[in-house]
*Asks:* 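Before we start, here is the structure in question, set down as structure tokens.
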Amino acid sequence: MDAEFAAFVAAKQNGLLRYGMLLTGGDPHTSADLAQETFLRLGRRWRHVRDVEHQDAYARRTMTRLWWTRSKRDRREQLRAETEERAGSEVGPAWESDVWAALQQLPPRQRAVLVLRYYEDCSEKEIAEVLGCRPGTVKSQASRGMASLRRLLGVDLLDGDLDDDLDGDNVGEVGV
């Protein structure tokens with residue numbers, strides 16, 4: 001393995017695992033799988049990646065796209081299984097925080113935008129780069145996501161209120 005790539009992995013591993021935990025709703029196994037697959041893909045393209053100006057954003061974009069693909073596949077499989085079993089129960093992780101539980105109900109893009117904005121503290125421009133979209137799309141997804149969280153929580157939250165709940169200092173409260 002290239003020494004430069006090994007140093008990149010060592011420096012970024014914890015951050016990508018944490019980001020994966022937030023995307024997956026706190027599933028440590030899926031998060032680890034996503035991080036591993038991300039590093040495998042980056043390793044295969046390291047000659048290109050090492051010359052990328054924002055390697056962090058490139059790594060998060062890779063992980064986000066892997067997660068989207070996996071989420072779509074998992075949703076299709078879940079729908080198929082529920083149809084076959086005629087099961088109506090919803091299975092999901094048990095969260096101590098109502099905000100985190102509500103966050104898991106958001107569509108993947110809205111969840112990714114809010115996680116990147118309020119947890120990873122990325123700017124709209126950085127989020128747009130990670131998600132491969134325009135800053136205007138980031139703004140609209142953030143607005144829709146916040147509106148959905150307000151509705152799901154049944155409260156009138158201001159954007160600053162979510163900063164407290166989604167802040168990285170509260171990670172221990174949700175098992176990350």
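Since the structure is predicted, the reported quantities are computational estimates derived from the model, not experimental observations.
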*Asks:* Check whether any side-chain heavy atom of Lys125 lies under 4.5 Å from a side-chain heavy atom of Val138, and answer yes or no.
*Replies:*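 Result no, sub-4.5 Å side-chain heavy-atom pair not found.
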*Asks:* Which heavy atom in Leu114 sits nearest to a heavy atom in Ala142, and how many Å separate them?
*Replies:*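 In terms of heavy atoms, the two residues are closest at CD2-O, 4.0 Å.
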*Asks:* Any donor-acceptor pair under 3.5 Å linking the side chain of Glu126 with the backbone of Ser123?
*Replies:*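 Here the side-chain-to-backbone pair exists.
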*Asks:* Taking all atoms of both residues into account, what is the closest heavy-atom pair of Leu22 and Arg111, and its distance?
*Replies:*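 Looking at all heavy atoms of both residues, the shortest contact is O-CD, 4.1 Å.
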*Asks:* Within the distance-only criterion (no hydrogens, no angle test), does the side chain of Ser143 pair as donor or acceptor with the backbone N or O of Lys139 below 3.5 angstrom?
*Replies:* no
*Asks:* In plain terms, say whether Arg41 and Glu37 are close enough for a salt bridge, that is, a side-chain N and a carboxylate O under 4.0 Å apart.
*Replies:* yes
*Asks:* Give, for atom CG of Leu42 and atom OH of Tyr58, the distance between the pair rounded to the nearest 0.5 Å.
*Replies:* 7.0 Å
*Asks:* Using 30° and 60° as the class limits, which term best fits the ring planes of Trp46 and Phe8: parallel, tilted or perpendicular?
*Replies:* tilted
*Asks:* Hey, could you give me the CG/CD distance between Leu116 and Glu129, rounded to the nearest 0.5 Å?
*Replies:*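 Rounded to the nearest 0.5 Å, the CG-CD separation comes to 11.5 Å.
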*Asks:* Heavy-atom count around Arg50 CZ within 6.0 Å, excluding the residue itself: above 12?
*Replies:* yes
*Asks:* For Ser31 and Tyr19, does a side-chain donor sit closer than 3.5 Å to a side-chain acceptor?
*Replies:* no
*Asks:* So do Gln110 and Met146 actually touch side chain to side chain, heavy atoms under 4.5 Å?
*Replies:*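 In short, these two side chains do not touch, never coming nearer than 4.5 Å.
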*Asks:* Does Arg44 have more than 12 heavy atoms from other residues, nucleotides or ligands lying within 6.0 Å of its CZ?
*Replies:* yes
*Asks:* Are the side chain of Trp67 and the backbone of Leu23 linked by a donor-acceptor contact shorter than 3.5 Å?
*Replies:*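 Yes; judged by distance alone, with no hydrogens or angles, the pair exists.
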*Asks:* So, for Met63 and Leu34, which heavy atoms are closest and what is the spacing to 0.1 Å?
*Replies:*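 Nearest pair, atom of Met63 first, then Leu34: CE-C, 3.7 Å.
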*Asks:* Would Arg109 and Thr137 count as a side-chain contact (heavy atoms from CB on, under 4.5 Å) here? Give the steps.
*Replies:* CA-CA 10 Å; Arg109 185 172 284 237; Thr137 302; 3.9 Å; yes
*Asks:* Using distance alone, with no hydrogens and no angle criterion, decide if Thr24 and Asp27 have a side-chain donor and acceptor under 3.5 Å apart.
*Replies:*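 Judged by distance alone, the side chains do not pair up.
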*Asks:* Please report the closest heavy-atom contact between Leu152 and Ala102, naming both atoms and the distance.
*Replies:*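 Result for this residue pair: CD1-O, 3.6 Å.
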*Asks:* Between Arg117 and Asp121, is the closest basic N to carboxylate O distance under 4.0 Å?
*Replies:* yes
*Asks:* Among Leu66, Val130, Leu131, find the residue that satisfies the side-chain contact (heavy atoms from CB on, under 4.5 Å) test when tested with Arg61.
*Replies:*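 Result for side-chain contact (heavy atoms from CB on, under 4.5 Å) with Arg61: Val130.
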*Asks:* Could you pull out the closest heavy-atom pair between Pro28 and Gly26, with the gap in Å?
*Replies:* CD-O, 3.0 Å
*Asks:* Please find the pair of heavy atoms, one from Thr64 and one from Ala112, that lie closest to each other, and give the distance.
*Replies:*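 What the structure gives for the nearest pair is CG2-CB, 4.4 Å.
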*Asks:* How long is the span from the CZ atom in Arg60 to the CD1 atom in Ile127, to the nearest 0.5 Å?
*Replies:*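 One gets 9.0 Å once the value is rounded to the nearest 0.5 Å.
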*Asks:* Can you tell which of Thr38, Thr62, Asp56 makes a side-chain contact (heavy atoms from CB on, under 4.5 Å) with Leu16?
*Replies:*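 Among Thr38, Thr62, Asp56, the one that satisfies the side-chain contact (heavy atoms from CB on, under 4.5 Å) with Leu16 is Thr38.
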*Asks:* Can you tell me how far apart OH (Tyr118) and CG (Leu103) are? Round to the nearest 0.5 Å.
*Replies:* 11.5 Å
*Asks:* Nearest 0.5 Å, what's the CD-CD distance between Gln13 and Gln36?
*Replies:* 10.0 Å
